[in-house]
Amino acid sequence: MRESFGNRKVTPAERKQLISRVFASIAERYDLMNDLMSFGIHRSWKRTLVKSVELPAEAVAVDLAGGTGDVAAAIHQKTGNNVIVADASQQMIEVGRKRHKSALRWVVAEGENLPFADNSVELLTLSYGLRNMTDGEKTLDEIFRCLKPSGTFICLEFSTPVFWLKPFYDFYSWAIIPRLGAFVAREPEAYQYLIESIRKFPNQNQLCQQFVDVGFEGVRYKNLSFGISALHFATKPTKHGA
Ligand SMILES: C[S@@+](CC[C@H](N)C(=O)[O-])C[C@H]1O[C@@H](n2cnc3c(N)ncnc32)[C@H](O)[C@@H]1O
């Protein structure tokens, strides 16, 4: 993934720049596009993520690549904890800041270089962000470093749907989504990138293996809408760093 932008071969520096441009250009219409593209179903996927969250009072929670803050706001609403939204895009954060006036903390940060101390975070959520990192492996190492022993990592991403759904899903993805992106967000290329990047992303089991390789334990996943998205859960081992 480091050397591609969708189906295009690029250098990591170019990838970073292109992805940054994508989110700067769609920030204002990002949430509207999500509602239109998924018929609002992305909200239920995010609700499933939030339902699975359990946090002790005062625990530090980070929503990485948190964008406009909807997942972080829902976690705050459920648990009462402060949640830090960390995202590389100033533009996405600005849209979120206007929408969620209080309770959240915002930090411009890259997943590959997180501004949190070792073993300091109880919960890190990452929704539709891992696929967009310049360096996914480095990001996973960073997440592992920042989490406390026994800390939880929850990743929500597009994944590989069951075989019978694929023809419909592919038709909808390639024929409809870029047109919606052109019409609503006026950024067809951003949505072409979305479709291509989903196809290049590891499937459910491959992603589990990546988490295990980083050192996580208790790695498991739950398919959402027949695998269009998947929630992956992982825990940093208790004895790590103790
Ligand atoms: C598809 S959006 C997801 C936003 C939100 N989490 C959601 O579920 O709607 C991807 C987010 O990843 C952020 N992002 C891209 N590359 C990043 C990086 N290297 N580090 C941190 N955030 C990054 C983008 O700015 C964007 O806000």
Side-chain angles (χ1 to χ4, degrees), residues 22-23 26-55 59-89 91-93 95-107 111 121-133 139 143 151-161 165 169 172-173 177 180-181 184-185 190-191 194-195 197-198 201 204 207 211 220-234:
V22 162
F23 290 103
I26 64 173
E28 292 287 345
R29 293 181 185 203
Y30 172 77
D31 292 294
L32 171 65
M33 269 301 288
N34 280 353
D35 281 337
L36 291 174
M37 279 186 309
S38 74
F39 307 102
I41 296 170
H42 76 106
R43 290 174 186 271
S44 97
W45 296 336
K46 288 173 178 170
R47 269 198 303 275
T48 307
L49 183 165
V50 173
K51 262 194 212 153
S52 70
V53 166
E54 309 239 330
L55 268 182
V60 178
V62 173
D63 186 35
L64 175 58
T68 57
D70 53 352
V71 169
I75 292 174
H76 170 72
Q77 204 169 21
K78 179 183 173 189
T79 64
N81 290 57
N82 278 326
V83 182
I84 303 167
V85 179
D87 195 283
S89 168
Q91 291 85 349
M92 291 289 278
I93 284 183
V95 172
R97 233 197 262 271
K98 280 186 216 145
R99 190 168 305 156
H100 309 284
K101 294 265 184 273
S102 59
L104 304 181
R105 286 171 51 203
W106 303 86
V107 51
V121 173
E122 256 99 352
L123 169 75
L124 190 142
T125 53
L126 175 57
S127 100
Y128 303 108
L130 188 53
R131 190 175 25 89
N132 294 301
M133 296 293 159
T139 298
I143 292 170
T152 305
F153 171 38
I154 308 178
C155 177
L156 174 61
E157 251 309 345
F158 289 109
S159 204
T160 302
L165 189 57
Y169 180 64
Y172 181 70
S173 301
I177 289 181
L180 259 182
V184 178
Y191 287 89
L194 168 75
I195 308 307
S197 66
I198 292 171
F201 196 68
Q204 289 84 335
L207 194 58
F211 291 1
R220 65 189 171 87
Y221 72 85
K222 176 184 169 71
N223 275 340
L224 303 170
S225 303
F226 304 103
I228 292 177
S229 280
L231 263 175
H232 281 72
F233 302 89

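Since this is a predicted model, take the numbers as computed values, not measurements. Sequential numbering from 1 along the given sequence is applied to the chain's residues.
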Quick check against the 3.5 Å criterion: does Asn81 have a side-chain atom that pairs as donor or acceptor with the backbone of Ala59? yes
How close do His232 and Gln204 get, heavy atom to heavy atom, and via which atoms? NE2-O, 2.9 Å
Which atoms form the tightest heavy-atom contact between Leu165 and Ser225, and what is the distance? CD2-O, 4.0 Å
Value rounded to 0.5 Å, distance of CG in Leu123 from OG1 in Thr79: 8.5 Å
To the nearest 0.5 Å, how far apart are CD in Gln77 and NE2 in His100? 10.0 Å
As a test of understanding, state which of Val85, Ile84, Asn82 forms a side-chain contact (heavy atoms from CB on, under 4.5 Å) with Leu104. Val85
Under the side chain to side chain contact (heavy atoms under 4.5 Å, CB included) criterion, do Leu36 and Leu32 qualify, and how do the steps go? CA-CA 6 Å; Leu36 291 174; Leu32 171 65; 4.1 Å; yes
What heavy-atom pair brings Leu64 and Leu126 nearest, and what distance separates the two atoms? O-CD1, 3.4 Å
Got Arg43 and Asp35 here, is their nearest side-chain heavy-atom distance under 4.5 Å? yes
Assess whether atom CZ of Arg105 is packed by more than 12 heavy atoms of other residues, nucleotides or ligands within 6.0 Å. no
For side chain to side chain contact (heavy atoms under 4.5 Å, CB included), just list the numbers for Asn34 and Tyr128, CA-CA rounded to whole Å, side-chain angles, deciding distance to a tenth of an Å, and then say yes or no. CA-CA 11 Å; Asn34 280 353; Tyr128 303 108; over 6 Å; no
Shortest non-hydrogen pair, Thr48 vs Leu231, comes out as CG2-CD1, 3.8 Å
Evaluate whether atom NZ of Lys222 has more than 12 neighbouring non-hydrogen atoms of other residues, nucleotides or ligands under 6.0 angstrom away. no
Return yes if some donor-acceptor pair links the side-chain N/O of Tyr169 with the main-chain N/O of Thr160 below 3.5 Å, else return no. no
To the nearest 0.5 Å, atom CE of Met33 lies from atom CD1 of Ile177 at 7.0 Å
Take Arg99 and Thr68, measure what side chain to side chain contact (heavy atoms under 4.5 Å, CB included) needs, and give me the verdict at the end. CA-CA 8 Å; Arg99 190 168 305 156; Thr68 57; 3.8 Å; yes
Which of Val71, Ile154, Thr152 passes side-chain contact (heavy atoms from CB on, under 4.5 Å) with Val53? Answer is Ile154
When rounded to the nearest 0.5 angstrom, what is the spacing between CE in Met92 and CZ in Arg97? 14.0 Å
What are the two closest heavy atoms between Ala190 and Val22, and how far apart are they? CB-CG1, 3.9 Å
Is there a donor-acceptor contact under 3.5 Å from the side chain of Lys46 to the main chain of Asp70? no
For the backbone of Arg131 and the side chain of Glu157, can you confirm whether one donor and one acceptor N or O come within less than 3.5 Å of each other? yes
Between CG on residue Leu194 and CZ on residue Phe158, distance to nearest 0.5 Å: 5.5 Å
For the CZ atom on Phe226, are there more than 12 heavy atoms of other groups (residues, nucleotides or ligands in this structure) within a distance under 6.0 Å? no
Non-hydrogen atoms of Gly129 and Ala65 that approach each other most closely: CA-CB, 3.8 Å
So, taking the atom named CZ in Phe211 and the one named SG in Cys155, what distance separates them when rounded to the nearest 0.5 Å? 4.0 Å
Side chain to side chain contact (heavy atoms under 4.5 Å, CB included) evaluation trace for Asp87 with Phe23: CA-CA 11 Å; Asp87 195 283; Phe23 290 103; 6.0 Å; no
Check: Val60 main-chain N/O paired with Glu122 side-chain donor or acceptor under 3.5 Å: yes
